[in-house]
Amino acid sequence: MSGEPRKERADAARNRRAILDATAALFAEHGAAGVTMERVAAAAGVGKGTIFHRFGSRAGLLQELVGERAFALREAVVHGPPPLGPGAPAAERLLAYFDAMTELALDNLDLVVAYQTLPEHPEREKLHAFWAAHITGLLREARPELDAETTAALLMAPLGSEMVVRARQTVGRERIQQGMRDLVSSVLAPR
């Protein structure tokens, strides 16, 4: 999948949506092990061949699910309303971005962990470069004296890591969200 929408027949679009929704529901209910092509096909009301034709493999299906969420966030950052989208001060945009990315990671943590075991999404490097440039640019604007590239990488690191999985089990979602917000706020505070 690329971040660009492609034209598709109405029935193909319905099938794609049904397949992705069924995959997400199965993933939420049963975890990665519970997402088989047979189960997805049955839940989506399509043939298994339709899934293979569209996504190529189970890995391709999971990549598409992760990609869909990531590209939706990118779209909100580029074209959405402030403070996540353009038009707000850099510090507000950075906080809004990390609020949204933390929520995305927590909502899809099991999927993100499973994704790390898959072959790379074809758009992975492009998307990661976008996030890095976005965060770095906002940091440069908000705190020009910082090493923005290094700080951006360090701020992003915990969200896709095993540490967040353990923290979600021990301290809970709300504390992780507040902790990430506090971390970003502390980076934004002038010394």
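Count residues from 1 along the sequence. No hydrogens, no waters, no symmetry mates; every other heavy atom, side chains included, goes into these values.
Using bins of under 30°, 30° to 60° and over 60° for the plane-to-plane angle, the ring pair His134/Tyr97 lands in the perpendicular bin.
Within the 3.5 Å criterion, the main-chain N or O of Asp147 finds no donor-acceptor partner in the side chain of Thr150.
Taking both residues in full, the closest heavy atoms of Pro83 and Ala88 are given as CA-CB, 3.6 Å, listed atom of the first, atom of the second, then distance. Counting all heavy atoms, side chain and backbone alike, Ile135 lies closest to Met156 at CD1-CG, 3.3 Å. Between Leu159 and Phe98, the closest heavy-atom pair is CD1-CD2, 4.1 Å. Nearest approach of Leu139 to Ala148, heavy atoms of both residues: CD1-O, 3.6 Å. The minimum heavy-atom distance between Met180 and Leu155, with the atom names listed, is CE-O, 3.0 Å. Closest approach of Ala33 to Thr36, counting heavy atoms only: O-CG2, 4.1 Å.
With respect to the salt-bridge test (charged N to carboxylate O, under 4.0 angstrom), the residues Arg39 and Glu29 do not qualify. By the 4.0 Å N-to-carboxylate-O rule, Arg16 lies close enough to Glu64 to be salt-bridged with it. Salt bridge absent: Glu145 and Arg140 never bring a charged side-chain N and a carboxylate O closer than 4.0 Å.
Around the CZ atom of Arg175, the shell of radius 6.0 Å holds no more than 12 heavy atoms that belong to other residues, nucleotides or ligands. At most 12 heavy atoms of other shown residues, nucleotides or ligands fall within 6.0 angstrom of atom NE2 in His53.
Applying the side chain to side chain contact (heavy atoms under 4.5 Å, CB included) test to Ser57 and every residue at least two apart in sequence or in another chain returns Ala59.
Taken to the nearest 0.5 Å, the CG atom of Asn15 stands 12.0 Å off from the CZ atom of Arg17. Within the model, atoms CZ of Phe55 and CE of Met37 stand 8.5 Å from one another, a figure rounded to the nearest 0.5 Å. Atom CG of Leu61 and atom CD1 of Ile51 lie 6.5 Å apart (nearest 0.5 Å).
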Item to complete: Go through the steps for Asn108 and Arg69 under the test side chain to side chain donor-acceptor pair (under 3.5 Å), then give the verdict.
Response: CA-CA 9 Å; Asn108 298 282; Arg69 286 153 170 77; 2.7 Å; yes
Fill in: Stepwise side chain to side chain contact (heavy atoms under 4.5 Å, CB included) check, His30 with Val35
CA-CA 7 Å; His30 302 288; Val35 179; over 6 Å; no
